[in-house]
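Here's the structure, in structure tokens; my notes come after.
These numbers come from a predicted model, not from an experiment. Every number for a ligand or one of its atoms is a count from 1 in the order of the listing.
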Amino acid sequence: MSDGKTKRLRIAVQKKGRLNSTSMALFEKVGIKVQLSKSGLYCHAIDAPVDFLFVRDDDIPTLVNDGFCDMGVIGQNVLEEFCLSLDEENQANNIMIDKALGFGHCRLSIAMPNCKSYEGVSSLKGMKIATSYPALLSQFSQKNKLNLSILNISGSVEIAPNVGMADAICDLVSTGRTLEENNLKEVVQIMESQAVFIRNKHALPSSLEHFYTCLIDRINGVLQAKESKYVMFHAPKSSLDAISELLPGHEGQTIIPLSGVDDKVAVHIVTTEGVFWNTLELLKSAGASAILVLPIEKMLP
Ligand code: ATP
Ligand code: ZN
């Protein structure tokens, strides 16, 4: 765990790759400003008791599990694979998921060449499948009694069927473009994933525990604000109820009189769900006018 003398949280973040910039942007939004070291391997936060360690994403679960880092940001795919391998080796799992972070969305799927026919999971029986996620694939194989032969490779998995190394692949997919470029079709989804904030489940020193609780509250605030919108409009008093029902997920509204106008009021509502063009059109047809939709930067309940 963090060294008791310095009492700083140590957070592991991917050094380069898909999760790096979004993770650091989130920390900046919760008020943690950083100063990069020359090596780029670690940095100290300027005004918070936090140090970041920049590493390959595959190393993050080990660092957190073994207590070298208190927390980390990692894809659920990497985390699940790690947890399954801990189980296989009968090792202690000290990791807790604290928060799904709403970015890094992808799915772990099996894909096979377009030219091969697929008629359900049993079509995969006995196949040789290349993957960087052998434990997750093996679990899937056992659950579905597929007796797969698993070829564990660490990168460029998608070329394996083209060069005859495997019949199919099991890899991460987001848009599906890489699969298309390699003449592969996605046939079964094994898991869905997004980035999560993990921590070592052993207690932190009490001063850090308090800071950590604030950090999680702030992260919640940022994530909730991302979903929420501040909506303002003018509305006839007679149709207020009907109009506000069109905005889902709000906990109340602020009604403000309009000077010199008796039959209309200004309404301010914070809605926690997306506000789409068709919602605005419905508001307008229900009598609302001067409609403004504003993004929210931070929220605390
Ligand atoms: P590292 O050098 O840190 O090992 P990497 O090549 O394993 O990097 P990235 O490709 O940067 O990792 O992906 C990091 C994480 O981003 C993945 O583990 C996954 O959770 C998420 N991710 C989201 N979309 C995709 C995608 N299309 N392909 C791969 N990963 C994705
Ligand atoms: Zn990796």
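- In terms of heavy-atom proximity, T271 sits nearest to V231 at CG2-CG2, 3.8 Å.
- Under the 4.0 Å criterion applied to side-chain N and carboxylate O atoms, D167 and K116 are assigned as salt-bridge partners.
- Between R199 and E209 a salt bridge is recorded (basic side-chain N to carboxylate O distance below 4.0 Å).
- Counting the atoms of ligand 1 from 1 in the order shown, those under 4.0 Å from a heavy atom of H105 are 23 (C), 24 (N).
- Heavy-atom proximity to G17, at under 4.0 Å, picks out these atoms of ligand 1: 11 (O).
- Close contacts between ligand 1 and V78 involve ligand atoms 18 (O) [criterion: under 4.0 Å to a heavy atom].
- With a 4.0 Å cut-off on non-hydrogen atoms, D57 touches ligand 1 through its backbone as well as its side chain.
- Listed by chain and number, the residues in a ring pair (Phe, Tyr, Trp, His ring centres under 6.0 Å) with H210 amount to none (sequence neighbours excluded).
- Here the protein contributes D57 OD1, D58 OD1 as N, O or S atoms under 2.8 Å from the Zn ion (ligand 2).
- Scanning for ring pair (Phe, Tyr, Trp, His ring centres under 6.0 Å) contacts around Y133 gives an empty result, with sequence neighbours left out.
- In this structure, E180 does not pair ionically with K185, as no charged nitrogen and carboxylate oxygen lie closer than 4.0 Å.
- Protein heavy atom nearest atom 10 (O) of ligand 1, with residue, atom name and distance: R18 NH1, 3.0 Å.
- Counting the atoms of ligand 1 from 1 in the order shown, those under 4.0 Å from a heavy atom of G75 are 20 (O).
- Residue-ligand proximity, L19 to ligand 1, at heavy-atom distances under 4.0 Å covers atoms 15 (C), 16 (O).
- Put simply, atom 6 (O) of ligand 1 has no protein non-hydrogen atoms near it, under 4.0 Å away.
- Within the listing of ligand 1, atoms 1 (P), 3 (O), 5 (P), 8 (O), 9 (P), 11 (O), 12 (O), 14 (C) sit less than 4.0 angstrom from a heavy atom of Q14.
- Taking H234 as the reference, nothing meets the ring pair (Phe, Tyr, Trp, His ring centres under 6.0 Å) condition, with sequence neighbours excluded.
- Residue contacts with ligand 1: Q76 is placed with no nitrogen or oxygen under 3.5 Å of a nitrogen or oxygen of the ligand (distance criterion only).
- Salt bridge annotation for R8-D51: present, with a cationic side-chain nitrogen under 4.0 angstrom from a carboxylate oxygen.
- Minimum interatomic distance between V270 and S228 (heavy atoms only, all atoms of both residues): CG1-CB, 4.4 Å.
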